[in-house]
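The block underneath contains the structure these notes are about, expressed in structure tokens.
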Amino acid sequence: MSRTHVSTILNGVETDFLCEPRQSLLEVLRDEIGLTGAKEGCNNGNCGACAVHLDGRVVNACCVLAVETQGRTVDTIESLAHGDQLHPLQDAFLQEAALQCGICTPGFIMSAKALLDQEPNPDEQRIRFWLSGNLCRCTGYDKIIRAVQRAAAEMQEAK
Amino acid sequence: MDSFTYLAPRSLGEALTALGNGKQSLLLAGGTDIIVQLREGRRHCDQLIDLKHIPELMAYRITDDGVLEIGASAPLARLYEDPEIRRRFPALVDCASIIGGIAIQSRATLGGNLCNASPAADSSPALMALGARVVIASSNGTREIPVEELFAGPGRNTLQPGEILLRVRIPAPAPNSGAFYHRFIPRNEMDIAVASSGVALALDDSGVITAARVALGAVAATPILVPAAASALVGKPANAESFAAAGEAAAAAASPIEDMRGGIAQRRHLAKVLTVRALEGALNRIRESR
């Protein structure tokens, strides 16, 4: 099967890659480009571990074909920190101990970032609703919710 | 996943030409069902035709007559974020905002949810209650059918080879009318309906029901309209008694199966309870809009 040439803006950088039409964005990010932050959990759109942003909206990278990203903007968890400077959400997840095994964490953070980009001050119910597409099987959700609330407060303060 | 070629036509004409080239095709809108089905070997194709580069399939608009026309590939999130849609078509927001989670709604579409033809699809009963129709294109032109005629069975729609679902048309709500959709699931969000009900009601000035539509999801091989429930409502006052009668009619019309999500008696009971509560929700919307 011939491979297709795709040009995207990946984490702010013009990026070209070759892929087969059947390859998901998740496969290409992890196996071709080497960005392993987005995780493969269920590979069917249920767990949210592979959440990335496509043109600023959160999507499951397992449910996007890499060829569909031609000419579009893709942002992954790798775009959040600047050197040693963590994004407030990353920092808040550490402060609130909102992770144990960490497999779900990149997805939670990318989903939460999409929420805070759109609604800087969501209430708890809104956060829980928004994150319902992200599953965590070890930490439990309360710490994750608290981390998002903490990050929201810090990001508001920093403005 | 089997190999296939990927096509991204820029116009409906190009898409129809590709669809007629003799290869086995599948159509791609949001991909949240079809990509998973291809990966799991539940569907196969030689070519996948992406419908997201055809401007008319990505657009939606409210016409001068108040009809909401939604391109088959427009993502759900764009619909429910629109303040005019929220104000005029809240029952559409009811279903669009609970199909999967946010990451699904960024991509998933009404066209895809309908054509995937799950008996438990959330958009189907809501759109049936709203009296929606779908416009279907082929190389012979277009045809329009009520949305309920799109469903043939679990995972099977009535589109013919060479046809593309273009858009959904939701009529302008009548004055003094309201609609409501909801479902039962064991968690709060992000699940597939055990059973669901979509209803629409119109009242005259004295509060008597002049028109009603009741639709159910996940209680039969396809989403179903329940004309007997509508008959139990029309000409009656909008009150607990008429709503209870409609609920009984809904339960009688349900022919559910037992599966991992629920049992037969449970689903039949849910058909009743959900219908009564949906009618209460529709009535509340009528009152709030006065």
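Residue numbers begin at 1 in each chain, while the letters A, B, ... track the order of the sequences. All figures in this text were calculated on a predicted structure; none of them were measured in a lab.
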So, the part of B:Leu28 with a heavy atom under 4.5 Å from chain A: the answer is side chain

- Flag the pair B:Glu189 and A:Arg126 as a salt bridge only when some basic side-chain nitrogen lies within less than 4.0 angstrom of an acidic carboxylate oxygen. no

Whatever's closer than 4.5 Å to a heavy atom in chain A on B:Asp50 counts as side chain

query: With a 4.5 Å limit on heavy-atom distance, are the side chains of B:Asp2 and A:Arg22 in contact?
result: no

Checked B:Glu81, B:Arg187, B:Gln37, B:Gln105 vs chain A; the most non-hydrogen pairs under 4.5 Å come from B:Glu81

Nearest heavy-atom contact between A:Ser132 and B:Met190 is O-CG, 3.3 Å

Taking every heavy atom of B:Ala103 against every heavy atom of A:Asn60, the minimum-distance pair comes out as CB-OD1, 3.5 Å

Q.
Are A:Val59 and B:Ile104 packed together at the side-chain level, in the sense that at least one heavy-atom pair is separated by less than 4.5 angstrom?
A. no

Between A:Glu20 and B:Ser3 the two heavy atoms that sit nearest each other are OE1-OG, 3.7 Å

- request: In sequence, state the C-alpha distance, the side-chain angles, and the governing distance for B:Lys52 and A:Glu68, and then conclude on side chain to side chain contact (heavy atoms under 4.5 Å, CB included).
  value: CA-CA 9 Å; B:Lys52 292 192 294 298; A:Glu68 290 184 82; 2.5 Å; yes

Under 4.5 Å to a heavy atom of chain A? For B:Gln47 that would be neither

The interface call for B:Leu48 against chain A, heavy-atom contacts under 4.5 Å, is side chain

Any heavy-atom pair between the side chains of B:Val36 and A:Cys63 that's under 4.5 Å?
yes

*asked:* Quick one, B:Arg39 and A:Ser24 - any side-chain contact, counting heavy atoms below 4.5 Å?
replied: yes

